[in-house]
4 protein chains.
Amino acid sequence: MLHFECDYARGCHPRLMEALCRTNEDATAGYGEDPYCAEAIEYIRSAIGKPNAQVHFLVGGTQTNATVIAALLSPWQGVISAATGHVTGHEAGAIEQSGHKVITLPSHEGKITSADLESYMEVYTHDEAREHIVEPGMVYISFPTEYGTIYSRGELEALHNTCRRYDLRLFLDGARLGYGLAAAGDLTLRDIADLCDVFYIGGTKVGALFGEAAVFPEPGLCRAFFTVMKQHGAVLAKGRLLGVQFAELFRDGLYEEISRNAVERARELKDVLRQKGYEFFLETPTNQQFVVVSPAKLRELQEKVCLSVWEPHGEDFVIRLCTDWATTPGEIEELSRIL
Amino acid sequence: MLHFECDYARGCHPRLMEALCRTNEDATAGYGEDPYCAEAIEYIRSAIGKPNAQVHFLVGGTQTNATVIAALLSPWQGVISAATGHVTGHEAGAIEQSGHKVITLPSHEGKITSADLESYMEVYTHDEAREHIVEPGMVYISFPTEYGTIYSRGELEALHNTCRRYDLRLFLDGARLGYGLAAAGDLTLRDIADLCDVFYIGGTKVGALFGEAAVFPEPGLCRAFFTVMKQHGAVLAKGRLLGVQFAELFRDGLYEEISRNAVERARELKDVLRQKGYEFFLETPTNQQFVVVSPAKLRELQEKVCLSVWEPHGEDFVIRLCTDWATTPGEIEELSRIL
Amino acid sequence: MLHFECDYARGCHPRLMEALCRTNEDATAGYGEDPYCAEAIEYIRSAIGKPNAQVHFLVGGTQTNATVIAALLSPWQGVISAATGHVTGHEAGAIEQSGHKVITLPSHEGKITSADLESYMEVYTHDEAREHIVEPGMVYISFPTEYGTIYSRGELEALHNTCRRYDLRLFLDGARLGYGLAAAGDLTLRDIADLCDVFYIGGTKVGALFGEAAVFPEPGLCRAFFTVMKQHGAVLAKGRLLGVQFAELFRDGLYEEISRNAVERARELKDVLRQKGYEFFLETPTNQQFVVVSPAKLRELQEKVCLSVWEPHGEDFVIRLCTDWATTPGEIEELSRIL
Amino acid sequence: MLHFECDYARGCHPRLMEALCRTNEDATAGYGEDPYCAEAIEYIRSAIGKPNAQVHFLVGGTQTNATVIAALLSPWQGVISAATGHVTGHEAGAIEQSGHKVITLPSHEGKITSADLESYMEVYTHDEAREHIVEPGMVYISFPTEYGTIYSRGELEALHNTCRRYDLRLFLDGARLGYGLAAAGDLTLRDIADLCDVFYIGGTKVGALFGEAAVFPEPGLCRAFFTVMKQHGAVLAKGRLLGVQFAELFRDGLYEEISRNAVERARELKDVLRQKGYEFFLETPTNQQFVVVSPAKLRELQEKVCLSVWEPHGEDFVIRLCTDWATTPGEIEELSRIL
């Protein structure tokens, strides 16, 4: 079987595994108070151009979203998200579990617009009954989105400006950050660090066994973030496992390099799909490709390829094909023979 | 420096690391739906003698405690714990975060007694104002306890019986389960599976990189446990990492073997401590040893040994020295020269 | 000024005030354990034709919604509501505060359809990732809705049947129940008791100073409802104040009689509005009337009439005019001169 | 039967009932935005000597405690209380329901000491694992306490100072505030407003049908308190009912006068009890008296007097006898004949 169903089907990049093996017998302090985490934090600070950034390593994406949101919202606040945002649909109510409403805005291929945000905030601000309503305290976006699309620098700046105007925190979920940055957009990691109050750098889907690096570009937004992590079960006893992996990913550009691989393989895949006349559900420049297939075609493909059935589309289905850091040109060729 | 500060300072047992390396390039389904998890579940079912047991793999201890308790309690219920229980003191309010009170009973060297439990439940049951009070819905115990002590079979049976009488779930936190079973007590893993409604087998502190196996000996106690895990950020995307490790630990008795190592080293350490005239804070048959030292002695030791300062003891201090699955006889000898 | 802004601007019906005065010096047990509550419960059981119904008196609507939902949902469940439902928009996140997601379905003039519900549940049930999603556990509807519309008996039966099929509780928010029953629909109080798992009879908006009667037609759905009430701050120390008022409302048909008054006054108001050529925003048979007015007209009206500005409507505004149990024919005449 | 079981068995003081009747037909804005609430707020500001105080009216005590604590704590914080505090024992877990731990200190006849508080905070502050522990964010005390005892000015100053030193909010539960102030202590209402960050003036137990006035002597501590109230179901639609009652209580000293009545009657009761040789469980200067009686005596008394059985006391029982704003000298005489 070929594997294009997701970007977390394999283990980790060999260099990370080697580093984990090499350091396995070291005895270090727990909970992230070890030299590997310290090293990884320095690499990340340097990569984002924020020497004082506060960086915490967590294990998974839902956990990171829930912890960041719980840490930054006041009890009477909610978080704004696209209607297709991961926090509203696929986290089993983790945000609500910590007491906060997810307020949804229309999804434009996974993205929200600053115009929609502006308009929501205007209505809220002028609503005479607004004290009876959840106060928006944060905007959650993903980059790339759940639909593989990306924000341009201009779009992120516009969201940033609207957030500033209405005193909203801007939080970017970077579960697939590398793939977004490797796409042919104009947004850089440093832009993200300049424009967001908090974001995370995804490891699980980009070459690590697991791990997400939550980054507060300017320190001081939440003085007790570690305690909130603990409260949410998000502190790894052997925290150095995260430090070891992120140090490796950010030591000499490995994160960028393997992200690029996924995007290049996706481009090859797109070419094949286009040549073969597949209908694209939407256009995406990153590692996820969404195409429409008939039920018969779906059954045929599923015999040889692991893929994701995304949603029904009339009588047909939208399927998702994912490349990742480990996808080889050979696998694309093999897939192209099947498609 | 010698490392006796805790049982999670090192990585994992070499066999687990080999298994992780060997399976690293496999592509499998995520979230625990892979053959390694399936295999590990079978080994565990067989080890506990419960062929239908429901087993879920989580990443860490606080996370497992919070998830199990949130999954099993009704909103108006609380959980009973020893005043020294991990859930009440060292989880940053994770239990309360999901809306539940921790009701404390006196700690007897880390344990609770069925007599105290009985007495609490009698008062509660006959309190005319009990509808204004949190209803006890579960009893949380740890084995070994936070003080390294263990329950006998008789003690656990008594707790089990009291729980049955008052319709309380009995939950055993086995973060260090192997060390408890390896100690010279009379309680077996099968007893625990017979007497508890739910318990977990700790991996993080017993040879794994991370991981805890939550076990419901009889299925059906919580039909949506996976969803509660997801809600608590406790689902690992590459769930097979947990399966690979637990399969290795339970394939041919490795878990028992390395647990025994820790307890044997602790026994040697105890002998040394006794010979050298150290005052024991309490008697423990497992891998944690608690002794009283003067401030001067503490400073002296800390130059050569990483250890835990547990709590003040008059002018002196209680320190904790931990052995673990990786401690060698050589390390004990070295430590004995320093003590 | 004329008062048509809401149905809770005045105190209570004189008969309730007399009863409160008459019983003021009685000394009774607190928390609803008094003879007045017992009497009111019997009247309600008799009115709904359910001699074993479990009835609890709470103080307000948001409180009742939050308490009922928290009491009946499991931690991994959410509640389905119309996108315009009170629980999603105007309760400041009370439902999320107790950990539950509000899942919204399209609002059809305030109502949800069994077809939309069926369709949502079908997609959920067949979603392979449904364990990552909040499980729907309850359907919340209001009668009349926030837009003054009402469900027919057929519509409620259809919702009831869909709920049964998918194991969902059906909860009817009756903050304005009397006005819904007095409207020219075919749904009776006994139908509601037959078709809903839980509902409440609104007092605050229908002649009482405050108070809502939560009714479980069949006992046993939540054995600890009082404790959940206490936990949510919803237990009134002098609970008899609620019993006294509800006993008066249900002793000899007062609740029906004053509800009818509101609906008759609303009908007169509708006639006036229609004659004067006002554009109706939607058609409603109950005590709330929604019409579209220009900004100039709005300013003019607001000089003499207290009213609610509901929402913008292009350049114009939707306003709401409410009658209630106390509105007199004379007030309608006076208003008709102004309109 | 004589009624000495609690201080909420009767309705309200006749003057409040008259005011409720007089204003019953007024139509006002809801949710506390009415002239009666405005008037009551001014009276309270004047009584406490804080012209900018922020005052909110809530319905009951548990509700007020839960709302204030939820509004002021950060998600990682807990509230410190005496082990006998109402928030820990008799609120069905309302504090935990909103995600916060109640940290208990030893109760000294219902009170906590600044020495115990200091000592707890010292240990916490120096605990190397404090990031794994709930951060204390607030101190909850009651005045009078659940045992009828009162803090002196010196004691409250000491608590205030310790709170300042450790950045803790000081919250005083004044469910029976009037009775505490009427007792022969040296603490005044103005002292309380000077020394506490927030407190409430109890109405339910001191002459009102219901109602508690939450007071922030200095504004700005929680800018969204109303929204938190709404979220906790603590906003009364006809909010003016609270304003009307509190305006009456504070217009010309009624609150003080009726509080004094309860304390004077309690003094008479104490004299009788002492003369008759009853053993006092503890000494209290307020309206609650705790004495020890044999089972036989208890049965005898219960035939003619409603009283509270507080707790077992060896073979005997501690009972509580309460006077209140309505207790007459005649009732004390009658009781004295029975005792």
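Keep in mind that this is a model prediction, so the values were computed, not measured. Below, read A as the first sequence line, B as the second, and so on, with proteins coming before strands; counting in each chain starts at 1.
One distance of note links CD of C/Gln97 with NE2 of A/His100; it measures 9.5 Å at 0.5 Å rounding.
Interface check for chain C: of the options A/Gly89, A/Gly78, A/Ala129, the most heavy-atom pairs under 4.5 Å are formed by A/Gly89. If you tally non-hydrogen atom pairs under 4.5 Å between each of C/His132, C/Lys101, C/Glu311 and chain A, the highest count goes to C/Lys101.
Contact of A/His90 with chain C is made through backbone and side chain together, with heavy-atom distances under 4.5 Å. With a 4.5 angstrom heavy-atom cutoff, C/Thr104 does not touch chain A via any of its atoms. Heavy atoms closer than 4.5 Å to chain C are found in both the backbone and the side chain of A/Thr88.
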